[in-house]
Structure formats: C-alpha cells, structure tokens
Asks: 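Before I ask anything, here is the structure I am working with.
Quick caveat, the model's predicted, so the values are computed rather than measured. Residue numbers start from 1 in every chain, and the chains themselves are labelled A, B, ... in the order their sequence lines are given, proteins ahead of strands. Only heavy atoms go into these numbers, but all of them, side chains included; no hydrogens, no water, no symmetry mates.
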There are 2 protein chains.
Amino acid sequence: MTVLDPAMVPPRDARAAFRDGLVTPTAGWSAGWAQANLLALPKDRAYDFLLFAQRNPKACPVLDVTEPGEISASIFDGDLRTDLPAYRVYEHGEQVAEVGDVRDHWRDDLVCFLIGCSFTFEAALLDAGVPVRHLERKSNVPMYRTNRACRPAGTLSGPLVVSMRPVPPELVATAVRVTSRYPAVHGAPVHVGDPAALGVADLGRPDYGDPVEVRPGEIPVFWACGVTPQAAVAASRPPFAIGHAPGHMAITDVRDSAYAVP
Amino acid sequence: MTVLDPAMVPPRDARAAFRDGLVTPTAGWSAGWAQANLLALPKDRAYDFLLFAQRNPKACPVLDVTEPGEISASIFDGDLRTDLPAYRVYEHGEQVAEVGDVRDHWRDDLVCFLIGCSFTFEAALLDAGVPVRHLERKSNVPMYRTNRACRPAGTLSGPLVVSMRPVPPELVATAVRVTSRYPAVHGAPVHVGDPAALGVADLGRPDYGDPVEVRPGEIPVFWACGVTPQAAVAASRPPFAIGHAPGHMAITDVRDSAYAVP
C-alpha cells in the first residue's frame with residue numbers, strides 16, 4: 001500500500017478523498033494551495049455577516065462569496081456540500097450535527113462565505129525555517145476563544161478566535177515578517193506571548209483543535225482565526241448556519257502565493 | 001486676508017468650511033489625512049453593494065459602513081450630509097442634483113459606504129519625488145470610465161473607473177512601489193501607459209474631473225478609482241443613491257499612514 005504525503009496531494013484529489021469519506025484536519029495538505037474557512041448562512045443574514053467581516057478583517061478576510069444556493073465558488077471548483085472533510089450544522093447557535101456531508105441539511109437560500117485560513121501561510125513559515133509544531137505532530141492546530149470582542153454588525157457579535165503556534169524566541173520576528181505578507185489569510189499575529197492577556201487560561205485545553213507542546217523558552221504566537229464566524233454564530237444564534245469543522249478546511253484552487261503581498 | 005494652504009487645514013476645519021458652503025476638489029487638502037469616496041444606498045441595496053465591493057476590491061476598498069440612517073461614521077466625525085464639498089443625487093441611475101448639502105434628499109434607510117480614495121497616497125508620492133500634475137495645477141484629478149467591466153454583484157454592475165496621473169518614465173517604478181503600500185486606497189496602478197487599451201480615446205476629455213497636461217515622454221499611469229460605484233449606479237439604476245461629486249471627497253479623521261502596509 002502506498003502512503004501518500006498529504007502535502008503532495010493536489011486540491012482536486014484532496015477534495016475527492018474528503019467527498020469519499022476521509023475525515024482529517026487539512027493542516028499540511030496540498031502544500032502551496034490556499035485553504036479556506038466556510039460559513040454558510042441564509043441570504044437574509046448575509047449582509048450582517050459581510051459587514052461583520054468588513055469590520056473584523058483580521059479574523060474574517062473574505063476570499064469569495066457564492067450566489068444563494070450555489071454549491072461551488074470561483075476559487076473552489078468542487079461541491080461545497082461534500083468536499084470538505086467535516087462540517088458543523090447549527091440551529092439557533094447550537095451545534096446539531098458534525099458530519100462529512102451536508103447535502104441533507106442544504107437549503108437553496110444559503111450564501112457561502114469562504115474566509116482565509118492561516119494554514120495557507122504555513123508552507124511559507126516552513127520555508128523560512130520556522131517550525132510548525134502541529135504539522136510535526138500531524139495534528140490539528142490549537143484554537144482558542146479570546147476575551148476580545150469583535151466589532152458587532154447587525155445581528156452578529158462574538159469573541160475573536162485565535163490559532164496558536166509556539167515559536168522559538170529567535171524566530172518570532174521571522175514568523176511576524178513572513179505572515180504579514182499574507183493579509184488575506186489573517187496576516188501578522190494579533191498577539192505574541194502571555195495567553196492570559198487574551199483570556200486564555202490553559203493552552204493545553206484549546207476550544208477547538210488539538211493541544212500542542214510549548215517547549216521551555218518558546219513563545220506562544222497567536223493569529224486571528226477563521227473560526228471566529230462560528231463563534232459569532234454560537235453567540236448570536238441565527239436560525240441556521242453551516243460551518244466547516246475547525247481545522248477541516250476547504251482546499252481551494254488558488255495558489256497561496258496569489259494571496260501574498262510584496 | 002490670509003490665504004490658507006489647504007494642505008495644512010485639519011480635517012475638522014476642512015469639513016466646517018465645506019459645511020459652510022465652500023465647493024472645491026479636495027486634492028491636496030489636509031495632507032496626511034485619508035480621504036474617502038461616499039456612496040449612500042437604501043438598506044435593501046446595501047448587500048449588493050458590499051458584495052460588489054468584495055468582488056472589486058481594487059476599485060472599492062471599503063473603509064467604513066454606517067448603520068442605516070446614521071449621519072457620521074467611525075472614521076468621519078462629521079455630518080455626512082453636509083461636510084463634503086459637493087454631492088450627486090441619483091434616481092434610477094440618473095443624476096437629478098449636484099448640491100453642497102443633501103439634507104433635503106436624506107432618507108432614514110440610507111447606508112453610507114466610505115471607500116478609499118487615491119488622494120490619500122498623493123502626499124506619499126510627493127514625498128518620494130513623484131510630481132502630481134493636478135496638485136501643481138490646483139485642479140481636480142482626471143478620471144475615465146474604462147472598457148473593463150467590474151465583476152457584477154446582485155443588481156449592481158458597471159465599468160471600472162480610473163484616475164490618471166502622468167509620470168516621468170524614470171519615476172514610474174517609484175510610483176508603483178509607493179502606491180502599492182496603500183491597498184486600502186486603491187494601491188498599485190491597474191494600468192501603465194496606452195490609454196486606448198483601457199478604451200480611453202482622449203485623455204484630454206475625462207469623464208469626471210479636469211484634464212491635465214501629459215508632457216512629451218511622460219507615461220499616463222492609471223489607478224482604480226472610487227467613482228466606480230457611481231458608474232455602477234448609472235449603469236444599474238437603483239431607485240435611489242447619493243454619492244460625492246467626483247474629486248470632492250470626505251476628509252476623514254484617519255491618518256493616511258494607518259492605511260499603509262509595510
């Protein structure tokens with residue numbers, strides 16, 4: 001049996017594998033291709049979310065928006081209902097299902113928002129010599145709800161969610177420099193060091209994803225995270241929403257370099 | 001009588017002068033402070049416009065969005081109905097008025113979009129030694145409707161509008177480099193040279209603003225322009241809209257450096 005290196009799997013094949021039932025975090029998959037968060041909301045809530053994204057651009061950089069009921073997107077030549085590894089379905093802010101296929105939950109009035117994901121810049125971090133612990137461990141990135149409120153928009157409000165990567169002190173500046181080139185996929189960190197200042201009591205107990213070891217001397221570095229929209233769904237309780245399962249992303253047909261600035 | 005240098009007038013005083021009746025293009029005013037385009041649309045068209053902006057980010061970088069009926073904005077501590085030098089009022093895409101005060105036209109369901117303006121980076125161009133002809137002539141910048149269609153969104157479609165500045169050949173690279181640092185106010189040029197390729201037949205007859213001399217050897221350099229939303233209004237004929245008169249901008253309370261990237 002051949003063991004595939006997920007980094008070498010092209011987006012189309014990754015989507016086919018997920019459509020066929022594979023459930024896995026997508027960190028490290030399809031190196032060089034941008035990944036995206038998904039939030040699908042009924043059309044009558046779409047303006048609130050698009051405005052929420054405009055007001056919280058670090059957490060919610062919008063890469064693409066579908067027409068109501070559309071199941072693919074200009075940056076995603078697949079089926080948004082089946083081609084992510086896992087989804088979460090929400091009713092009035094409560095998660096009612098986590099499934100690998102949301103065709104049974106689909107509605108024709110859903111607008112899909114694809115939002116930049118920090119997995120996109122991890123290849124650039126590795127290229128620059130910055131180790132990425134959750135890639136070494138083949139686990140999901142740890143994510144935390146913070147004590148920072150997003151700017152509300154209409155019916156939507158909620159806390160900022162962050163992802164965390166431990167970085168050796170001599171490489172923190174490099175990590176900032178490299179990721180600041182990717183504003184469309186969360187860009188530079190929002191916070192370096194002291195988790196308590198973000199209201200994160202225990203790095204070992206993330207709200208989403210898997211914990212990772214922070215070795216002595218390493219600095220926890222926090223980036224705004226595209227799970228923030230789902231935290232807003234949980235806090236604001238719209239009648240219906242679908243998101244990706246955190247860390248189980250849409251792998252797009254856009255090169256990560258397309259989202260880099262000079 | 002003291003002759004004021006408009007570049008030295010702070011935003012609050014500029015807005016007061018416009019509120020008191022002064023009508024002038026704002027190029028060169030309040031150096032160091034960001035300027036913004038205005039589009040006000042009824043709430044039921046706001047989603048279409050916000051999506052249009054997301055799909056056409058070079059032309060429509062959204063800096064701020066008001067709540068329906070609100071008359072100031074987080075980046076504009078003035079009255080959006082009176083504190084710009086001039087406005088255009090549209091009904092079904094036809095301009096029905098150009099006035100210095102739109103209080104008589106105001107509606108409580110209007111959402112105001114403030115969109116980045118390339119006047120914002122002109123101080124940086126001057127600092128870098130790039131001459132800006134319309135500032136030398138104390139005239140408005142020339143703007144042109146192009147043959148490039150914007151990506152439509154819902155009920156909105158229309159052509160890309162560009163502003164033009166003639167640049168000596170040896171400074172074109174500098175102009176690109178400097179302005180690319182300001183993506184929120186249109187960023188790098190969309191086109192360098194040959195106006196005909198954009199469908200602009202005669203640089204001497206701009207669609208908005210004033211013509212400027214292009215000296216022998218100078219290269220016309222084109223930036224996406226925040227009048228694009230008004231061209232979409234003219235093309236798409238929403239029942240009602242208000243915009244600024246081209247070149248007669250909202251002077252904000254945000255430093256232009258706040259919109260610069262590293």
Side-chain angles (χ1 to χ4, degrees), chain A residues 36 39 41-58 60-70 73-75 109 111-116 150-157 173-184 186-189 258-262, chain B residues 36 39 41-58 60-70 73-75 109 111-116 150-157 173-184 186-189 258-262:
Chain A
L39 183 71
L41 281 171
K43 173 71 168 71
D44 63 5
R45 299 292 172 129
Y47 178 70
D48 284 357
F49 181 70
L50 201 50
L51 187 58
F52 185 83
Q54 194 276 330
R55 291 181 175 168
N56 299 283
K58 288 281 279 190
C60 306
V62 177
L63 304 183
D64 208 355
V65 184
T66 64
E67 298 300 316
E70 216 180 358
S74 62
I75 67 168
D109 66 343
V111 174
C112 292
F113 298 92
L114 293 171
I115 296 148
C150 291
R151 275 186 71 192
T155 58
L156 284 175
S157 60
T174 302
V176 170
R177 184 176 54 75
V178 168
T179 59
S180 67
R181 290 190 59 224
Y182 293 89
H186 304 304
Y259 293 120
V261 296
Chain B
L39 184 70
L41 281 171
K43 173 70 168 68
D44 62 5
R45 300 291 172 129
Y47 178 70
D48 284 357
F49 181 71
L50 201 50
L51 187 58
F52 185 83
Q54 194 276 330
R55 290 180 177 169
N56 299 283
K58 288 280 279 190
C60 307
V62 177
L63 304 184
D64 207 356
V65 184
T66 64
E67 299 300 318
E70 215 179 358
S74 61
I75 67 168
D109 66 343
V111 175
C112 293
F113 298 92
L114 292 171
I115 297 149
C150 291
R151 276 185 70 193
T155 58
L156 284 175
S157 60
T174 302
V176 171
R177 185 175 54 76
V178 167
T179 59
S180 68
R181 290 191 59 223
Y182 293 89
H186 304 302
Y259 293 119
V261 296

Asks: Going through the checks in order, is the side-chain contact (heavy atoms from CB on, under 4.5 Å) test met by B/Val261 and A/Val261?
Replies: CA-CA 9 Å; B/Val261 296; A/Val261 296; 5.5 Å; no

Asks: Does any backbone or side-chain atom of B/Arg55 lie under 4.5 Å from a heavy atom of chain A? Answer side chain, backbone, both or neither.
Replies: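 Contact with chain A is through the side chain of B/Arg55 alone.
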
Asks: With a 4.5 Å cut-off on heavy-atom pairs, point out which of A/Asp48, A/Val62, A/Leu63 contacts chain B the most.
Replies: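 Ranked by contacts with chain B, first place is A/Val62.
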
Asks: Between A/Arg177 and chain B, with a heavy-atom cut-off of 4.5 Å, which part of the residue counts as in contact: side chain, backbone, both or neither?
Replies: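 Interface part for A/Arg177: neither.
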
Asks: Would you mind reporting whether A/Asp44 and B/Tyr47 have side-chain heavy atoms less than 4.5 Å apart?
Replies: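 Result no, sub-4.5 Å side-chain heavy-atom pair not found.
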
Asks: Tell me, for A/Asp64 versus chain B, whether the close heavy atoms (under 4.5 Å) come from the side chain, the backbone, both or neither.
Replies: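 The answer is both parts of A/Asp64.
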
Asks: Less than 4.5 Å to any heavy atom of chain A: does that hold for the side chain of B/Phe113, its backbone, both, or neither?
Replies: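 Side chain of B/Phe113 only, per the 4.5 Å heavy-atom cut-off to chain A.
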
Asks: Can you give me the closest heavy-atom contact between A/Val65 and B/Gln54, atom names plus distance?
Replies: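 Closest approach of A/Val65 to B/Gln54: CG2-OE1, 3.9 Å.
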
